[in-house]
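To keep things clear, I will list the structure first and then write my remarks on it.
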Amino acid sequence: MVGLSGPMGPMMDPSDCKRLQLLFGNNSACVFCDNESDSLEHLFFHCPVARFCWFRSSWGIRSDLFHFDSPREILEWILFPPFADRVDITQFTMFAALLCYQLWLARNRCFHEGVREPPEVIFKFVLQSVSSYDPKACADLPMMVPCISPSVDLGIGNRVNVFVDAAVRDNLSYYAVIVLDCWGKVIEAYAGKEKVLSPLEAETRAILNASLRCVSCGWPDVMIFSDCKIAVDAILARQVPSWKLYPTFLQVFNLFSSSSSCSICWVPRVNNEAAHKLAAWAASKSYCGFF
């Protein structure tokens, strides 16, 4: 076992736990072990499921010894580990990122669907994802995010503007999220992938995922722009347009009702071209991640 150390300090801010409770309506207990708080630090490092996966890795990591002050510290630890001189940094970062991603997916499946996957299964998914990773697939990433149409009102002050769109391939939705400040400067841009039943669900889940990201980041004033008028009108009216999509829209309704920081606005496709192009590019490359 390699003795790898991480940042030591206070536990993550309790507001992270409250935020998860607000978004998902669950109590404060971890859905896997029912013993500790439902926080990112616990889910990714301290839960017995996470500890099993970290220790079974090539580095034999004792993740229960790690403590982080914020989600940013977790990200920095994954990208720039303090033991970089003793590991293959690319291999380690890829494993760490995919492990956190699989733990997050497993946590949501457990909470929403009651499916509790054994640690061995989660660890196997991570290894399969790592083995299928091809650095060449990321060689032609867009060098810059396309410009947002200047005709869109980006507000004033500290408002964060989020443009979303989705592209559907078979039953998979590839959604793109572009986050700008009120001056049009890109804060972040990323793509994700989910199974969906229809293009409308794809667009709605793109809005949902973008909203969850905004709330988790703690941005106080957010305007989300989508060119899917059916989804936007349904959210504003709190009316589900299709019974098959009731669970997804209910999540969106609950999120917008419980969070005063997020608003939504429809924009024509021509004003959402940046998110549209990134979603189409992500679908063509089967890409998920930050740009």
Side-chain angles (χ1 to χ4, degrees), residues 23-24 31 94 97-118 121-134 137-138 140-142 162-178 189-213 224-235 239-256 264 266 269 272-291:
L23 297 181
F24 296 104
V31 296
M94 180 57 59
L98 289 171
L99 173 57
C100 290
Y101 178 66
Q102 288 296 338
L103 288 170
W104 179 254
L105 291 181
R107 181 252 181 230
N108 289 344
R109 282 194 293 268
C110 184
F111 178 77
H112 293 293
E113 304 171 21
V115 178
R116 191 183 296 267
E117 296 168 343
V121 173
I122 297 175
F123 185 70
K124 181 180 179 181
F125 284 155
V126 176
L127 294 185
Q128 289 175 344
S129 298
V130 171
S131 63
S132 63
Y133 168 68
D134 181 8
C138 299
D140 56 347
L141 281 173
V162 182
F163 291 79
V164 302
D165 201 7
V168 179
R169 299 293 184 271
D170 296 325
N171 65 333
L172 289 177
S173 166
Y174 292 85
Y175 62 88
V177 179
I178 303 176
Y190 61 92
K193 177 175 68 174
E194 286 189 324
K195 288 186 178 181
V196 295
L197 299 174
S198 65
L200 176 57
E201 183 181 22
E203 297 284 357
T204 307
R205 294 203 64 84
I207 295 171
L208 174 62
N209 286 305
S211 304
L212 291 172
R213 172 66 178 171
I224 297 176
F225 295 93
S226 168
D227 58 34
C228 182
K229 198 170 190 308
I230 296 177
V232 173
D233 288 346
I235 294 171
Q239 294 181 348
V240 180
S242 170
W243 66 267
K244 293 182 179 180
L245 303 183
Y246 183 83
T248 296
F249 273 95
L250 183 60
Q251 281 186 274
V252 178
F253 296 163
N254 289 338
L255 177 61
F256 276 84
I264 191 166
W266 173 81
R269 169 60 60 81
N272 199 34
E273 195 67 19
H276 176 72
K277 288 182 177 179
L278 281 186
W281 182 92
S284 69
K285 302 295 183 182
S286 297
Y287 176 81
C288 297
F290 284 83
F291 294 97

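Quick caveat: nothing in here was measured; it's all calculated off a predicted structure.
- A 4.5 Å side-chain heavy-atom check between Tyr175 and Val164 finds every atom pair outside the cut-off.
- The distance from the CG atom of Leu212 to the CZ atom of Arg205 is 8.5 Å, given to the nearest 0.5 Å.
- Interatomic distance, Asp165 CG to Ile207 CD1, rounded to the nearest 0.5 Å: 9.5 Å.
- Here Tyr101 pairs with Leu105 under the side chain to side chain contact (heavy atoms under 4.5 Å, CB included) rule; sequence neighbours left out.
- Partners of Phe225 according to the ring-ring contact (aromatic ring centres under 6.0 Å, His included) rule, which considers only residues two or more places apart in sequence or in another chain, are Phe163.
- Residues meeting the salt bridge (charged side-chain N to carboxylate O under 4.0 Å, His left out) test with Arg109, sequence neighbours left out: Glu117.
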Distance-only donor-acceptor hits, side chain of residues 196-203, under 3.5 Å, sequence neighbours excluded:
residue, atom, partner, partner atom, Å
Ser198, OG, Glu201, N, 3.2
Glu201, OE1, Leu197, N, 2.5
Glu201, OE2, Thr248, OG1, 3.4

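- Not counting sequence neighbours, the partners of Arg269 by the side chain to side chain donor-acceptor pair (under 3.5 Å) test are Asp227, His276.
- Here the OG atom belonging to Ser129 is positioned 9.5 Å from the CE atom belonging to Met94, to the nearest 0.5 angstrom.
- Distance check, rounded to the nearest 0.5 Å: CG of Leu127 to CD1 of Ile122 gives 12.0 Å.
- Annotation: side chain of Ile224 is in contact with side chain of Ser211 (closest heavy-atom distance under 4.5 Å).
- Residues satisfying the side chain to side chain donor-acceptor pair (under 3.5 Å) test with Asp233, not counting sequence neighbours, are Lys229.
- Nearest heavy atom pair, residue Phe249 against residue Thr204, reads CZ-OG1, 3.3 Å.
- Residues forming a side chain to side chain contact (heavy atoms under 4.5 Å, CB included) with Cys110 (at least two apart in sequence, or on another chain): Val31, Phe32, Arg116.
- With sequence neighbours excluded, the residues that form a side chain to side chain contact (heavy atoms under 4.5 Å, CB included) with Lys195 are Asn171, Leu172.
- Between the CG atom in Leu278 and the OH atom in Tyr287 there is a gap of 10.0 Å [rounded to 0.5 Å].
- Of the inter-residue distances, the one linking Leu255 atom CG with Leu250 atom CG reads 11.0 Å to the nearest 0.5 angstrom.
- When all heavy atoms of Ala279 and Ala167 are compared, the closest pair comes out as O-CB, 3.7 Å.
- Under the ring-ring contact (aromatic ring centres under 6.0 Å, His included) criterion, Tyr190 pairs with Phe290, not counting sequence neighbours.
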- Message: Assess the residue pair Ser286 and Tyr174 against the criterion (side-chain contact (heavy atoms from CB on, under 4.5 Å)); give the C-alpha distance rounded to whole Å, side-chain angles, the decisive distance to 0.1 Å, and a yes or no.
- Response: CA-CA 8 Å; Ser286 297; Tyr174 292 85; 3.4 Å; yes
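- Residues satisfying the side chain to side chain contact (heavy atoms under 4.5 Å, CB included) criterion with Val232, sequence neighbours excluded, are Ser226, Leu236, Ile264, Trp266.
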